[in-house]
Each structure stands twice: as structure tokens, then as C-alpha cells.
Participant: 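The structure's right below; bear with me while I get my questions together.
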Amino acid sequence: MLVPIYGFVRGDTIGLVALVHDYQTVAELAACLQQAASVRVAPKQRAKVYYERRLLDPKLTVAEAGIGALERVDIVPEDE
Amino acid sequence: MLYREQWLDLARKLDWEFSYVDEHDVFPDVTSGTPWLPASAWAEWDEPYRTSFTEYVANQHAKEASLFAVHESVGRAEDYARLDPSWRSAVKLHAATLPLAEFAAVIGNLRAGRFGRDSAWRTTSTLGALDELRHTQIPLLVLHDLVRTDPQLDWTHKFFHTNDWVAIAGRHLIDEMLVTADPIEFAVATHFVFETGFTNLQFVGLSAMARAVGDRMFEKMVKSIQTDEARHAQVGMPVLRTLIEHDRARAQFLVDKWFWRSWLFFSIVTGFAMDYLTPLAARTQSFKEFVGEWILDQFQRSLDELGLVRPWYWEQFLGALDIYHHMVYASAYTYRATVWFDLTLPGPDERAWLAQKYPETWPLLDPVWARITDRWRTGGPELEWYTHGTTPITFCSLCQLPLCGGTPLHNTARFEVRNGRRYPLCSEPCAAIFKNQPERYAAHKDVVMRILAGEAPANVLELVHNYFGLDQDGWGKDTARGRYPWLAETKR
């Protein structure tokens with residue numbers, strides 16, 4: 001199932017909508033959002049994903065992480 | 001024969017007591033506004049200009065003659081073509097957002113001209129409606145001749161008829177404030193907050209900038225409009241005084257709500273023009289300095305005079321003054337094909353100026369411009385889409401503007417759930433306004449919701465072309481198409 005997710009990449013000026021499959025991993029979601037923001041923010045090799053203030057395991061799928069449609073995630077570089 | 005001051009009130013104060021009908025039937029609260037008060041509560045209503053219709057016609061005639069003299073001498077296509085391309089974008093931004101919003105204000109003024117609770121109020125509002133009709137027609141006339149020179153100026157008339165995201169946000173604001181508000185809310189929102197608080201002073205700043213860049217036509221047009229605004233905006237204060245006397249909490253709520261809603265739109269339209277689209281050599285102050293000097297002092301004095309307090313979100317507003325329009329500009333620059341005017345890439349000198357004017361927040365924004373600049377260097381001139389986003393952006397369910405609140409380190413977007421639907425909101429004030437009157441706002445769909453509902457295309461190019469109404473000739477591009485001398489120099 002496709003899930004629209006509101007993503008906020010640290011360093012960016014605007015929120016973006018990522019459309020991902022619920023079987024995709026949290027790491028893939030982070031990559032997708034970093035790529036979407038790459039015009040304004042250089043993508044980082046390693047980035048953390050926060051959902052409801054919780055740090056997510058990048059190996060989890062979107063469904064396993066419990067991220068629902070139109071919910072917010074924050075992408076933060078690993079070194080911050 | 002009576003002197004002017006002796007007869008003026010005879011012509012302005014024409015209220016009488018109703019004997020055949022009930023006062024409620026003549027002035028129902030649904031059209032006259034709440035709190036509903038008896039006529040006696042409004043009997044002392046007065047405003048300082050006290051203009052008669054004869055004086056109004058004579059003054060307006062003189063202003064029209066003066067405006068058209070300037071139009072004849074410096075309003076031609078060749079005069080426009082001589083202006084700096086960045087400034088022409090500032091003109092296009094204002095030209096689109098101004099005239100049909102002014103036409104909506106005709107409706108608001110006419111409603112007050114019928115349902116305002118005092119005859120002097122109704123008289124002034126009727127003259128205000130004539131003012132706003134003039135403000136609709138002047139920019140349409142002045143800029144219509146230039147459409148052949150610059151097709152983007154077609155948006156002077158077209159803008160509010162489109163589903164462009166800025167137009168959706170504009171209509172959401174204008175429909176509520178000007179078209180549907182009752183005369184009391186209209187007076188507070190439009191006359192006291194929007195006109196007295198923002199646009200009246202904005203026009204002073206805009207005309208000064210237009211003069212500095214050599215745009216005599218725009219300077220004259222804005223000045224001519226401003227003199228009308230200064231007069232009819234005086235309706236706000238006496239309405240607010242009576243409202244405070246009878247319902248202070250509602251008065252404070254309306255001021256708080258409309259200051260925030262007005263501020264967001266004002267900061268984009270005027271913030272873009274002052275800090276990015278006016279050529280550096282012609283800038284005399286930053287947007288923040290302008291707001292501090294012209295808006296905040298005056299607004300604070302008005303609140304003190306009325307015994308009201310600053311809006312509860314004042315600290316957040318001061319924070320936003322430092323960064324909000326910068327967040328939106330950087331975002332809009334990288335989605336410029338979604339608007340009808342070109343945007344300028346700030347070069348090293350502009351970025352140094354912005355760093356000096358915004359020492360607290362610019363360090364958070366400069367990396368974004370460094371990144372965009374690097375992309376231009378890599379891609380080269382004319383490669384517009386290499387510095388352009390293709391993923392849908394997000395919008396606030398209240399202001400309908402992009403989720404650009406907060407800073408690049410912390411975006412203040414939050415969500416409100418109502419009847420199983422999630423509403424994104426860009427900031428705490430937008431969330432508070434939404435939650436206070438959810439029945440007013442909840443049915444509206446932002447652009448993302450329209451895409452998800454299948455009402456608008458998800459592909460950005462299709463969205464721009466088929467839904468926003470922009471074609472390749474008309475959509476926004478980099479002002480210089482990436483051919484900045486400094487970009488080539490720094491590459492070497």
C-alpha cells in the first residue's frame with residue numbers, strides 16, 4: 001500500500017510529501033526524502049529518522065514502524 | 001448658509017428610530033455582526049476624516065488626473081522594459097495579488113455600507129467601496145497595456161481565477177476577511193489590522209522602493225491608492241472601541257487572529273520584494289527593519305490607545321520576523337515554476353547584506369543558498385530544472401501556505417485530528433485559529449489533499465500546467481536564467 005508521509009529534512013526550509021510503499025524500509029524513506037530535498041540540502045550518507053520523537057530502526061519497514069498516512073517524520077544527519 | 005462643519009453631521013448622521021419594523025430585522029446579527037447591540041450603543045460613532053461626497057469626488061478627480069499624467073509620461077512598455085528584471089518580478093507579485101483582492105474589499109465595504117450599525121459608518125464604507133473599485137481598476141488598466149511586453153503580467157487579472165497554490169492561499173484569506181466577514185469582523189480585520197496595521201504602511205515603503213529603482217509609474221499608483229486607504233481605514237478604530245466596550249474578549253480574539261493571518265501573507269509579498277527582488281543598490285532597509293520602524297511601533301501605539309494587549313503569540317511573531325519570509329523564499333525559488341513571476345538567486349553581495357541584516361538566522365539559511373548555487377555551477381545556465389524541486393510540497397490547513405514555519409533546524413508544523421482527518425498546521429498560532437473555529441476551516445482541502453483525492457495531478461509538471469494554469473512561457477524562472485556574472489567569476 002502506498003503511504004503519503006510528511007517529511008522534514010534537517011536544514012531544509014519546507015516540508016515535503018513522500019509517497020512510499022508500506023513495505024519499504026525506514027532507511028529507504030529517509031533516502032527518498034533526502035533526495036527530494038537535495039536541491040536545497042546535500043544528502044548525508046547516514047541519517048536518523050524520528051517519528052513521534054522516537055528514533056526508528058532503519059531496517060524496519062514503514063508498516064512495522066507504525067507510520068501511518070499523513071504522519072510526520074524528521075530526518076536528521078547521523079552526526080547531530 | 002451653514003458652514004461645512006455645521007451641516008456635515010446632518011448629512012452623515014441620518015439614523016432614526018424604527019416604528020414599523022424591529023431593529024433586529026433591519027440589522028440582523030448574521031449580516032450586521034456580533035455582539036448585536038442596540039443603535040444607542042453606536043450613536044457616538046465617528047471617524048476623523050469626515051468627508052462629504054462632494055469633497056470625495058473632487059479629491060478623487062484630482063488624483064485620477066495626476067495618476068494618468070504619470071501613466072502617459074512614464075507608463076509605457078519601454079519604460080517598464082528599462083526596469084531591473086528583479087524589480088519587475090516584485091511588480092508582478094504585487095500586481096497579481098492586489099486588484100482582485102481590492103475588488104473583494106468592495107463587497108466587504110458595501111456590506112458595511114448597508115449593515116454597519118451607524119449611518120456615518122455606512123457613509124464612510126460606501127466611499128470605501130468606491131475607493132476599492134478604483135484600486136481594482138487602476139492596476140488592471142495600468143498593467144494591461146504591458147501584457148504584450150511581459151506575458152506574466154496577464155496574472156494581474158488571472159491570478160485569483162486560478163488554482164495556483166498562492167491564489168488558493170490568497171482566496172482563503174480574502175474570502176474570509178473581505179467577502180464573508182460581517183461588518184464588525186470586517187472592520188477589525190480589514191480596516192484596523194490589515195490596512196492600518198500593514199498595507200497602509202506597506203504602500204509607503206513600496207512607493208519609496210519604487211522611487212529608488214526608478215519605477216515612477218508604480219510609485220505613483222501605490223501612493224494614489226495609499227491616500228484612499230489612509231482615509232477609509234479609519235473605520236476600524238471606532239468600531240473596535242465600541243466592540244471593546246461591550247465584548248473585550250472578542251475584540252482581542254479578532255485582533256490576534258487577523259494580525260497573524262495578515263502577517264503571513266504580508267511577509268511573503270513584501271518580504272520577498274524588500275529582501276530579494278529590489279536590487280541591492282536601491283535597498284534602504286531590510287524587511288525586518290521596515291516592519292520594526294513602520295509596523296510594530298504604530299501597532300503597539302494603537303493597542304495601547306485601545307487598552308488591548310499584544311497578541312498572545314508575540315514572541316513567536318518576533319521570531320518569525322527574522323526568518324519566515326526567508327524560509328518561504330528559498331522554498332519558492334526551488335519551486336519557481338509553480339508561480340507566475342521570476343525569482344532571483346541571491347549572489348555573494350546579497351548574501352553578505354542579508355547576513356548583516358539577519359545575524360541570528362541567516363547562518364541557518366546560507367547553506368541552502370550555497371547548495372543551490374553549487375547546483376547552478378554544476379548544471380550551468382539555462383538548466384532550470386536542475387535547481388528545481390519535483391516532489392510535492394506540504395501546505396497548512398489554515399493559512400494554505402507551505403509548511404515553512406520555524407527554522408531549518410526545527411520546522412514548527414504540527415497536526416490536528418478531527419473526525420478522523422489529519423490537518424497539517426504550520427505553526428502554533430495557525431493551529432489555535434483553526435481549533436477555535438474548526439467548522440469554518442475543516443472542509444477546505446489544501447493542494448496535497450486535492451492531489452490525494454484525485455482532484456489535482458501528483459506530477460509536478462502536470463500540476464503546474466493543468467491545475468495551476470501556468471505554461472512554459474509564463475511560469476517562474478530564475479530571473480537571469482542562471483547567467484549571473486558573479487556565478488561565472490566564482491566558478492573560475
Side-chain angles (χ1 to χ4, degrees), chain A residues 1-22 24 27-45 47-56 62-63 65-80, chain B residues 323-336 364-376 379 385-397 401-415 417 421-424 426 446-449 451-452 458 460:
Chain A
M1 189 175 71
L2 277 168
V3 187
I5 294 169
Y6 284 82
F8 296 85
V9 176
R10 177 72 60 91
D12 201 1
T13 52
I14 192 168
L16 298 164
V17 184
L19 202 56
V20 294
H21 292 280
D22 59 0
Q24 287 184 276
E28 287 171 326
L29 170 64
C32 171
L33 281 163
Q34 287 209 87
Q35 180 56 37
S38 65
V39 173
R40 294 171 301 278
V41 184
K44 302 288 190 295
Q45 283 288 334
K48 297 178 282 192
V49 179
Y50 286 91
Y51 165 62
E52 293 184 338
R53 298 185 181 179
R54 283 186 291 117
L55 176 62
L56 296 180
V62 167
I67 309 169
L70 305 178
E71 293 197 302
R72 171 179 180 154
V73 297
D74 287 87
I75 313 299
V76 181
E78 187 78 34
D79 53 4
E80 284 188 27
Chain B
I323 197 164
Y324 178 67
H325 67 294
H326 297 306
M327 297 276 283
V328 182
Y329 187 85
S331 306
Y333 180 86
T334 50
Y335 281 90
R336 54 196 176 277
L364 301 172
L365 295 151
D366 200 62
V368 170
W369 290 110
R371 172 74 177 169
I372 297 168
T373 302
D374 283 346
R375 301 268 294 193
W376 269 116
W385 286 90
Y386 195 60
T387 53
H388 200 286
T390 53
T391 301
I393 60 172
T394 52
F395 295 91
C396 174
S397 293
L401 293 166
L403 296 180
C404 293
T407 72
L409 295 182
H410 175 65
N411 190 300
T412 51
R414 74 257 341 266
F415 293 82
V417 179
R421 181 174 153 188
R422 291 176 65 79
Y423 295 89
C426 70
D446 67 39
V447 174
V448 172
M449 295 304 160
I451 290 172
L452 295 174
V460 167

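The figures that follow rest on heavy atoms only: side chains count, while hydrogens, waters and symmetry mates do not.
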Participant: Please report the shortest heavy-atom distance between Leu409(B) and Arg10(A), naming the atom on each side.
Facilitator: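 The answer is O-NE, 3.1 Å.
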Participant: Only distances under 3.5 Å count here; give the side-chain donor-acceptor pairs of residues 66-73 of chain A to other protein atoms, sequence neighbours excluded, each with its distance to 0.1 Å.
Facilitator:
unit_1, atom_1, unit_2, atom_2, d
Glu71(A), OE1, Tyr51(A), OH, 2.6
Glu71(A), OE1, Gly68(A), N, 2.6
Glu71(A), OE2, Tyr51(A), OH, 3.4
Arg72(A), NE, Asp74(A), OD1, 3.0
Arg72(A), NE, Asp74(A), OD2, 3.4
Arg72(A), NH1, Asn411(B), O, 3.1
Arg72(A), NH1, Ala413(B), O, 2.6
Arg72(A), NH2, Asp74(A), OD2, 2.9
Arg72(A), NH2, Asn411(B), O, 3.0

Participant: Relative to chain B, which of Ser38(A), Gly7(A), Cys32(A) shows the most heavy atom pairs under 4.5 Å?
Facilitator: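 It is Ser38(A).
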Participant: Counting only non-hydrogen atoms closer than 4.5 Å, does Ile451(B) touch chain A with its backbone (N, CA, C, O), its side chain (CB onward), both, or neither?
Facilitator: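 Neither the backbone nor the side chain of Ile451(B) comes within 4.5 Å of chain A.
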Participant: Counting only heavy atoms closer than 4.5 Å, note whether Tyr335(B) contacts chain A via side chain, backbone, both or neither.
Facilitator: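 Only the side chain of Tyr335(B) comes within 4.5 Å of chain A.
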Participant: Between Ala458(B), Cys426(B), Pro367(B), Pro424(B), which has the largest tally of heavy atom pairs under 4.5 Å with chain A?
Facilitator: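 Option with the greatest count: Pro424(B).
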Participant: Taking C-beta and beyond as the side chain, do Val448(B) and Pro4(A) meet within less than 4.5 Å on heavy atoms?
Facilitator: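 Side chain of Val448(B) against side chain of Pro4(A), heavy atoms only: no contact under 4.5 Å found.
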Participant: Is Ile393(B) close to Val17(A) at the side-chain level, that is, under 4.5 Å between some pair of heavy atoms?
Facilitator: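 In short, these two side chains do not touch, never coming nearer than 4.5 Å.
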Participant: Can you tell me if Thr394(B) uses its side chain to pair, donor with acceptor, with the backbone of Gly15(A) under 3.5 Å?
Facilitator: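 Checked: pair present.
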Participant: Give a yes or no on this: more than 12 heavy atoms of other residues, nucleotides or ligands lie within 6.0 Å of atom CD of Glu78(A).
Facilitator: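 Enclosed: over 12 neighbouring heavy atoms sit under 6.0 Å from CD of Glu78(A).
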Participant: Considering non-hydrogen atoms only, spot the tightest contact between Pro402(B) and Ile14(A) and give its length.
Facilitator: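 Taking Pro402(B) first and Ile14(A) second, the nearest heavy atoms are CB-CD1, 3.6 Å.
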Participant: Determine the sole option in Leu403(B), Val368(B), Thr407(B) for which the side-chain contact (heavy atoms from CB on, under 4.5 Å) test with Thr13(A) is passed.
Facilitator: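 Between Thr13(A) and the candidates, side-chain contact (heavy atoms from CB on, under 4.5 Å) is satisfied uniquely by Val368(B).
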Participant: For Ala330(B) versus Arg40(A), what's the shortest heavy-atom pair and its separation?
Facilitator: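 Nearest pair, atom of Ala330(B) first, then Arg40(A): O-CD, 4.2 Å.
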Participant: Side chain, backbone, both or neither: which part of Ser331(B) has an atom under 4.5 Å from a heavy atom of chain A?
Facilitator: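 The answer is both parts of Ser331(B).
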Participant: To the nearest 0.5 angstrom, please state how far the CG atom of Asp12(A) sits from the OG1 atom of Thr334(B).
Facilitator: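 Reported to 0.5 Å precision, the distance equals 7.5 Å.
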Participant: For Ile323(B), is it the side chain, the backbone, both or neither that has a heavy atom under 4.5 Å from a heavy atom of chain A?
Facilitator: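 When you check distances to chain A, no heavy atom of Ile323(B) falls under 4.5 Å.
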Participant: Tell me, please, which residues at least two apart from Ala332(B) pass side-chain contact (heavy atoms from CB on, under 4.5 Å).
Facilitator: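 Ala332(B): side-chain contact (heavy atoms from CB on, under 4.5 Å) contacts with Phe272(B), Leu343(B).
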